[in-house]
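Quantities reported herein were computed from a predicted structural model and do not represent experimental measurements.
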Amino acid sequence: MTLRAVVLVLLVAGAGVVPTLPRWPRRIGALGLAALSSWWLGLDSTMEGGTLHQISTGHGITVADFVSVDGFLVALYALVLRRR
């Protein structure tokens with residue numbers, strides 16, 4: 001398994017688990033999820049899929065970039081989530 005695949009699995013699993021954790025572990029998990037999302041943006045791979053919008057020559061928004069966006073949104077949700 002490559003590093004890219006491991007990061008992707010951690011992002012997907014973290015997005016499902018982090019919001020369900022108690023308060024302090026959830027905050028730590030949310031920060032870790034945000035860090036993994038940032039790292040995923042920097043990984044250049046064949047797993048990116050098609051280019052949805054070209055920003056400049058050699059740079060654009062790809063399908064895989066939405067994994068990072070989802071990771072950031074789940075991390076933000078987990079940070080502001082209040083447990084009853």
Side-chain angles (χ1 to χ4, degrees):
M1 197 180 271
T2 66
L3 177 63
R4 292 177 188 103
V6 171
V7 171
L8 182 59
V9 167
L10 289 173
L11 274 168
V12 172
V17 173
V18 167
T20 65
L21 296 173
R23 185 178 182 196
W24 286 107
R26 184 178 65 236
R27 289 184 177 184
I28 293 169
L31 294 175
L33 190 58
L36 281 174
S37 295
S38 297
W39 193 16
W40 179 255
L41 281 175
L43 292 176
D44 186 28
S45 73
T46 58
M47 297 170 58
E48 288 186 343
T51 302
L52 302 174
H53 180 72
Q54 185 173 353
I55 296 171
S56 65
T57 304
H59 293 87
I61 298 172
T62 63
V63 174
D65 292 337
F66 284 102
V67 173
S68 290
V69 172
D70 292 340
F72 284 125
L73 290 175
V74 170
L76 181 63
Y77 172 76
L79 285 173
V80 298
L81 181 67
R82 292 189 180 167
R83 207 157 218 171
R84 293 180 186 186

Checking the side chain of [X] only, and the main-chain atoms of [Y] only, is there a donor and an acceptor separated by less than 3.5 Å?
X	Y	value
D70	V67	no
W40	A64	yes
R26	A78	yes

- Supply the atom-to-atom distance L21 CG to I28 CD1, rounded to the nearest 0.5 angstrom.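 Separation between the atoms: 10.0 Å.
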Which atom pair, heavy atoms only, marks the closest approach of [X] to [Y]?
X	Y	result
L11	S37	CD2-OG, 3.4 Å
D65	G60	OD2-O, 3.7 Å
A30	A75	O-CB, 3.4 Å
T57	Q54	CA-NE2, 3.7 Å

Transitively linked via ILVMFWY side-chain contacts under 4.5 Å: [X] with [Y]?
X	Y	result
V7	V74	yes
W39	V12	yes
L3	L8	yes

- Please say which of V9, T2, L10 ends up in a side chain to side chain contact (heavy atoms under 4.5 Å, CB included) with V6.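 Only match with V6 under side chain to side chain contact (heavy atoms under 4.5 Å, CB included): L10.
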- Query: Is the shortest heavy-atom distance from the side chain of F72 to the side chain of L33 under 4.5 Å?
  - Reply: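 F72 vs L33: side chains apart.
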- Query: Is the shortest heavy-atom distance from the side chain of T51 to the side chain of I61 under 4.5 Å?
  - Reply: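 Answer no - side chains too far apart.
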